[in-house]
Structure formats: C-alpha cells, structure tokens
Amino acid sequence: MTKRKGLFEVEVDVGGLLGGLTETSSTASKAKTKLHEVNNDSMLISVALETITRQMKVSGNRSRTISDYVLHVEHFQSITNVKYVADITADAIYRWLDSMNVSNQTKLTRLKCLKAFLSRCFDNGWIQIKFWKTINIKVDHMVKEGATERDVNVLLSLLDLSNFIQLRDAVAILVMYKTGIRISTLTQLEERHIDFNNNVLNLEGSIMKNHQQIKLPFNDLLKQLLGVLIKQNAVIRKGYGKKNSLVFITKYGDVISTSPTHNNIQKRLNKYSKMYGLKNINPHALRRGFAKTLLDKGANIAVISKALGHSDLSVTTKYLHFDVDEVANNLRSYLGDNEND
C-alpha cells in the first residue's frame with residue numbers, strides 16, 4: 001500500500017498553473033457563497049425542470065414519470081406565473097390546485113408530482129425549507145376491485161379469435177390475468193422471454209418497473225395461445241416488412257406504445273369494457289385479479305408482492321385492499337386451539 005501512495009501525489013504545481021485565477025481561501029469562500037446565493041435566487045423553474053429531467057434520465061427513471069413531471073410543473077407555472085424556484089410558495093400551490101376542475105384524487109396525483117419536483121429542488125440546494133410537506137388533499141379511497149375469472153371468461157367467449165387484433169387482445173388479457181405483469185412490461189415482451197419448454201416467462205430487469213429479474217409460470221392454455229399469436233405475428237411482420245421479435249404488436253407489425261393514452265391494447269380493453277358492460281376489464285384490474293386469486297389459494301403475501309414486482313409489502317397490502325373482517329377471520333384461523341393455552 002505504501003509503495004502505491006506516491007501514485008496519488010501530483011508533482012506539477014497545479015496551483016501555479018492557474019496563476020491569476022487563484023484567490024485567497026477567504027475571498028474564494030465568499031465568492032462561492034455569493035455565487036450559490038445568486039444561483040438559488042435566480043434559478044428559473046424551466047432550467048430547474050430541465051436539469052432534474054436530465055438527472056432522472058441518468059438515474060433510469062421511466063419516461064412516463066419524467067413526462068408527468070414536465071406536464072404538471074409546466075401547468076403549475078402557466079397557472080401561477082411563478083418564474084423562479086425560490087418564489088414558489090404554499091399560496092401559489094393552493095392557487096394552482098383551486099384552478100383545477102377535476103376530482104380530488106386527480107388533484108392529489110398532480111400534487112404528488114409537484115412535491116416530488118420540489119423535493120428534487122431541495123436535494124439540489126435550490127430550496128432551503130420543505131414548506132410543501134404540510135400541503136395535502138383529502139380523498140375518499142374507493143376500493144378498486146380486481147377482475148374475476150367470470151369477467152375474463154365472459155370477455156374471451158365474446159372475442160373472435162380468428163381476427164388478429166382480437167386474438168392479440170385475448171392473449172394479452174390472459175397473460176396479465178395469469179401472470180400479473182404490468183401492461184408496460186407486456187408491450188416490451190419478446191419471444192426470447194418465453195420458455196415454452198418449462199412454461200415460464202423469463203423477465204429481465206430492463207423491462208420491469210423495479211428493474212429486478214423474475215420468472216413467472218403460465219399454464220398450457222396460455223402456452224398454446226402464445227404459440228398461435230407468435231406464428232400470426234410473423235405473417236403480419238412479413239406482410240408489412242417489419243423486423244422485431246415482440247410478442248404483442250400493432251396490426252401493422254409495429255411496437256405498441258407504453259403510454260396509457262396511446263396504448264392500443266389498453267384502449268381496446270376500455271372499449272370491450274363499455275361494449276360488454278364488464279367494469280373490471282383493464283390492466284390494473286387484471287393484476288389485482290391475479291393477486292387476489294393467489295391470496296385465495298393460500299399464497300404468502302411476500303410471494304404475491306414479489307410476483308407483482310412491488311418494492312414494498314405495504315404496497316401489496318394496499319393493492320389487495322384487505323377488509324377488516326377478512327383480516328380478523330384470517331388471524332382467527334391461525335389462532336386455532338391455542339387461545340386457551
């Protein structure tokens with residue numbers, strides 16, 4: 001170790017090379033402090049937003065998350081006319097919220113996004129106090145139901161599997177309901193991710209929201225349908241001269257958008273839901289249905305959480321919406337005859 005110490009010692013007088021640019025330590029310190037203060041006071045929201053989005057891209061944040069930051073921060077600025085980060089106040093935030101003609105749940109979602117932006121401003125040293133912490137919106141949390149086996153079977157019976165689009169949608173519905181994957185992962189699924197010999201999806205961290213690899217099994221029915229879809233995909237791609245190995249593609253052989261507003265499959269599910277009066281046919285409901293099925297069959301909540309790709313068990317418990325009576329009954333089943341011991 002001692003022999004290598006000299007490798008880190010610079011023999012050239014770098015300070016001398018800087019010449020007139022160097023200052024006394026006290027002068028330099030004051031200048032840095034002054035510069036920091038000026039930067040804080042004059043940091044434009046637009047500049048801050050640009051910097052933060054760059055940081056988020058480097059950190060690997062999803063493009064959807066980044067676009068939400070941009071959308072809501074720019075909306076805040078357009079409503080309040082606040083230009084500088086240092087001028088953002090609680091009053092300005094309340095004014096922004098009051099201007100919205102949307103539900104409290106939507107306001108809360110947008111507020112969370114703005115708060116996340118402000119937290120990043122704080123981390124970057126552009127804001128000194130987290131004044132936004134006490135700002136909140138009360139909402140009634142409605143229990144979101146999951147899709148049931150009946151919902152899924154009814155829809156599948158109504159779809160024309162001789163039609164490519166409806167076949168694709170049917171397979172997508174079953175994949176989400178039987179494996180619990182997110183629709184964003186579904187649209188990135190490639191043929192190489194499917195192990196037909198062992199009936200398993202080998203999902204890489206690159207297509208998972210939590211960036212963690214996972215293996216999810218599927219049944220023989222899904223195996224057969226995936227095989228049929230992949231063969232039909234090849235016909236579509238050849239017809240339009242497209243080259244990709246995605247499992248779910250558009251009718252022209254292209255990539256399906258991951259954006260909820262432009263996602264072909266999600267829009268089709270919404271259409272089916274309205275057309276056939278099936279309220280629980282959407283990507284989130286299918287995932288919840290998958291989770292609830294596992295729970296009903298006795299799966300450990302930690303296993304369910306892992307399968308869903310959740311970062312925390314608390315997210316899974318909220319996702320499943322445990323009823324108070326359901327919790328009590330489950331606890332009672334574990335107590336058994338030991339109550340009188």
Side-chain angles (χ1 to χ4, degrees), residues 39-40 42-88 92-93 96-97 99-100 102-103 105-127 130-133 135-137 176 181-190 203-214 244 246 248 250 254-267 282-284 287 308-312 315 318-319:
N39 284 343
N40 281 351
S42 61
M43 173 60 71
L44 286 165
I45 291 176
S46 56
V47 175
L49 183 59
E50 188 180 341
T51 303
I52 287 171
T53 52
R54 279 204 306 269
Q55 291 170 343
M56 291 174 74
K57 284 176 184 175
V58 170
S59 301
N61 288 93
R62 292 187 306 157
S63 56
R64 169 73 192 280
T65 305
I66 296 171
S67 65
D68 283 348
Y69 268 59
V70 174
L71 178 67
H72 299 312
V73 172
E74 286 182 346
H75 182 249
F76 166 81
Q77 195 173 9
S78 69
I79 294 297
T80 61
N81 293 319
V82 177
K83 292 184 179 179
Y84 299 100
V85 170
D87 292 337
I88 299 175
I93 295 175
W96 173 58
L97 293 170
S99 73
M100 301 178 198
V102 294
S103 68
Q105 181 61 60
T106 303
K107 285 185 181 182
L108 181 61
T109 303
R110 295 176 183 180
L111 176 61
K112 283 180 179 177
C113 197
L114 182 65
K115 280 185 172 185
F117 166 74
L118 292 173
S119 293
R120 288 179 178 270
C121 287
F122 178 85
D123 294 340
N124 284 320
W126 305 325
I127 300 177
K130 293 186 176 182
F131 64 86
W132 57 89
K133 284 287 185 180
I135 301 173
N136 214 338
I137 294 171
M176 286 187 279
I181 67 172
R182 293 179 174 87
I183 194 164
S184 57
T185 302
L186 182 91
T187 54
Q188 297 176 76
L189 198 64
E190 295 182 40
L203 305 178
E204 303 165 345
S206 59
I207 65 171
M208 298 292 290
K209 184 180 178 182
N210 64 355
H211 306 297
Q212 292 181 11
Q213 181 185 5
I214 193 170
N244 63 61
L246 293 165
F248 296 95
T250 70
D254 294 316
V255 178
I256 290 174
S257 170
T258 54
S259 164
T261 51
H262 296 95
N263 186 294
N264 304 61
I265 294 174
Q266 184 152 331
K267 287 195 287 189
N282 60 70
H284 281 299
R287 266 169 63 78
L308 290 170
H310 285 162
S311 56
D312 196 290
V315 178
K318 286 179 183 176
Y319 204 80

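The model shown is predicted, which means the values in this text are computed figures rather than measured ones. The basis for the numbers below is simple: all heavy atoms, side chains too, and nothing from hydrogens, waters or symmetry mates.
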Nearest heavy-atom neighbours spanning [X] and [Y]:
X      : Y      : result
Gly60  : His211 : O-NE2, 3.7 Å
Ala48  : Val85  : CB-CG2, 3.7 Å
Tyr84  : Leu44  : CE2-CD2, 3.5 Å
Thr187 : Asn263 : CG2-ND2, 3.4 Å
Phe131 : Ile88  : CZ-O, 3.2 Å
Val102 : Lys107 : CG2-CG, 3.7 Å

Are [X] and [Y] packed together at the side-chain level, in the sense that at least one heavy-atom pair is separated by less than 4.5 angstrom?
X      : Y      : answer
Trp96  : Leu114 : yes
Phe122 : Phe117 : no
Tyr69  : Asn61  : no
Arg182 : Pro283 : no
His75  : Leu71  : no
Val255 : Thr250 : no

Pairing of Asp68 and Arg64 as salt bridge, 4.0 angstrom limit | yes
Do any N or O atoms from the side chain of [X] and from the backbone of [Y] form a donor-acceptor pair under 3.5 angstrom?
X      : Y      : answer
Arg287 : Met176 : no
Asn264 : Ile256 : no
Thr185 : Ile207 : yes
Asn210 : Gln212 : yes

Q | Step-by-step side chain to side chain contact (heavy atoms under 4.5 Å, CB included) determination, Trp126 to Leu118 | A | CA-CA 9 Å; Trp126 305 325; Leu118 292 173; over 6 Å; no
Kindly compute the distance separating [atom1] ([X]) from [atom2] ([Y]), expressed to the nearest 0.5 Å.
X      : Y      : atom1 : atom2 : result
Cys121 : Met43  : SG    : CE    : 8.0 Å
Ser99  : Phe76  : OG    : CZ    : 10.0 Å
Gln266 : Leu186 : CD    : CG    : 11.0 Å
Glu190 : Asn244 : CD    : CG    : 8.0 Å

For residues 109-123, the salt bridge (charged side-chain N to carboxylate O under 4.0 Å, His left out) pairs (sequence neighbours left out) are none
Here the salt bridge (charged side-chain N to carboxylate O under 4.0 Å, His left out) pairs for residues 46-59, sequence neighbours left out, are Glu50-Arg54
Heavy atoms of other groups near His310 NE2, more than 12 under 6.0 Å
yes
Query raised in the report: More than 12 foreign heavy atoms under 6.0 Å from NZ of Lys209: is that the case here?
Result: no
Contacts of Thr53 meeting side-chain contact (heavy atoms from CB on, under 4.5 Å) (sequence neighbours excluded), chain-then-number -> Leu49, Ile66, Val70
| field | Between Thr106 and Ser103, a side-chain donor and acceptor under 3.5 Å | value |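 Checked: Thr106/Ser103 side chains pair up, N/O donor to acceptor below 3.5 Å.
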Q) Do Gln55 and Asn124 have a side chain donor and acceptor closer than 3.5 Å? A)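 There is such a pair (donor and acceptor under 3.5 Å, judged by atom type) between the side chains of Gln55 and Asn124.
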